[in-house]
Amino acid sequence: GSLFFLRHYQGVLTRVDFKTGKEQGGPFRLQGIGNVYASPVAAAGRIYVTDQEGMTLVFSGNDPSKVLARNRLDDAFNASAALVEGEFYLRGEKSLYCLSAE
């Protein structure tokens, strides 16, 4: 029932009700995230935001203030992540990454 978007590439997340367009709490400052060019993506009740310096922040889709994980890759990222059948793809400047539970 929510849409998430970032404001001006600065790691400030806004959540709005997809039916009314009204803001639902926030905006939320994403701590530890730098410049973000890619769009956030969602799966399994989580929101994923990757910044240009390689930090991916994972937080709860129900409570954007609840950080679930922080992960860093040694690469630069401008493209949005792609989620395909349980796999998480990130296209960096140096490499294409595929992350999965298996």
Side-chain angles (χ1 to χ4, degrees):
S2 299
L3 297 173
F4 293 87
F5 63 92
L6 293 163
R7 292 186 183 176
H8 305 291
Y9 313 114
Q10 297 175 1
V12 176
L13 186 76
T14 299
R15 178 176 64 177
V16 298
D17 181 276
F18 79 93
K19 289 182 181 178
T20 66
K22 294 189 183 210
E23 196 167 304
Q24 298 175 313
F28 304 94
R29 166 69 64 191
L30 302 178
Q31 298 297 322
I33 280 280
N35 293 327
V36 180
Y37 189 75
S39 296
V41 295
R46 297 181 181 111
I47 308 297
Y48 300 83
V49 177
T50 302
D51 72 10
Q52 290 181 308
E53 292 78 33
M55 175 64 74
T56 298
L57 180 66
V58 184
F59 59 92
S60 168
N62 294 326
D63 182 2
S65 65
K66 183 177 179 183
V67 176
L68 303 174
R70 294 180 197 279
N71 300 288
R72 179 176 298 282
L73 291 170
D74 185 24
D75 207 338
F77 298 89
N78 290 313
S80 299
L83 305 171
V84 180
E85 296 181 7
E87 296 177 331
F88 187 84
Y89 291 90
L90 284 166
R91 182 178 55 87
E93 286 184 3
K94 297 185 239 176
S95 300
L96 174 65
Y97 301 87
C98 177
L99 309 170
S100 71
E102 298 179 23

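Excluded from the calculations below are hydrogen atoms, water molecules and symmetry mates; all remaining heavy atoms, backbone and side chain alike, are included. Keep in mind the model is a prediction, meaning the values are calculated, not measured.
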If the condition is side-chain contact (heavy atoms from CB on, under 4.5 Å), which residues does S39 pass it with, not counting sequence neighbours? S80

Can you tell me which residue pairs pass the salt bridge (Lys or Arg N to Asp or Glu O under 4.0 Å) test with a partner in residues 13-27, sequence neighbours excluded? R7-E23

Given the rule that I, L, V, M, F, W and Y join up when any side-chain heavy atoms are under 4.5 Å apart, are F4 and L83 in one cluster? no

Ignoring hydrogens, what is the shortest heavy-atom contact between A79 and A38? Give both atom names and the distance. O-CB, 3.3 Å

Residues joined to F5 in its hydrophobic cluster, side chain to side chain under 4.5 Å directly or through other members, sorted by chain and number, are L3, V16, F18

Could you pull out all donor-acceptor pairs under 3.5 Å where a side-chain atom in residues 40-60 meets a protein atom, sequence neighbours excluded?
unit_1: T50; atom_1: OG1; unit_2: T56; atom_2: OG1; d: 2.8
unit_1: D51; atom_1: OD1; unit_2: E53; atom_2: N; d: 3.0
unit_1: D51; atom_1: OD1; unit_2: G54; atom_2: N; d: 3.0
unit_1: D51; atom_1: OD1; unit_2: M55; atom_2: N; d: 2.9
unit_1: D51; atom_1: OD2; unit_2: G34; atom_2: N; d: 2.8
unit_1: Q52; atom_1: NE2; unit_2: N78; atom_2: OD1; d: 2.5
unit_1: S60; atom_1: OG; unit_2: N62; atom_2: N; d: 3.2
unit_1: S60; atom_1: OG; unit_2: D63; atom_2: N; d: 3.2

Can you list every salt bridge (Lys or Arg N to Asp or Glu O under 4.0 Å) pair that touches residues 34-43, not counting sequence neighbours? none

Hey, which of V12, T14, L13 is the one that makes side-chain contact (heavy atoms from CB on, under 4.5 Å) with L6? L13

Show the atom names and distances, to 0.1 Å, of all donor-acceptor pairs under 3.5 Å that link a side chain in residues 85-94 to residues at least two apart or in another chain.
unit_1: E87; atom_1: OE1; unit_2: Y89; atom_2: OH; d: 2.6
unit_1: K94; atom_1: NZ; unit_2: D74; atom_2: O; d: 3.1

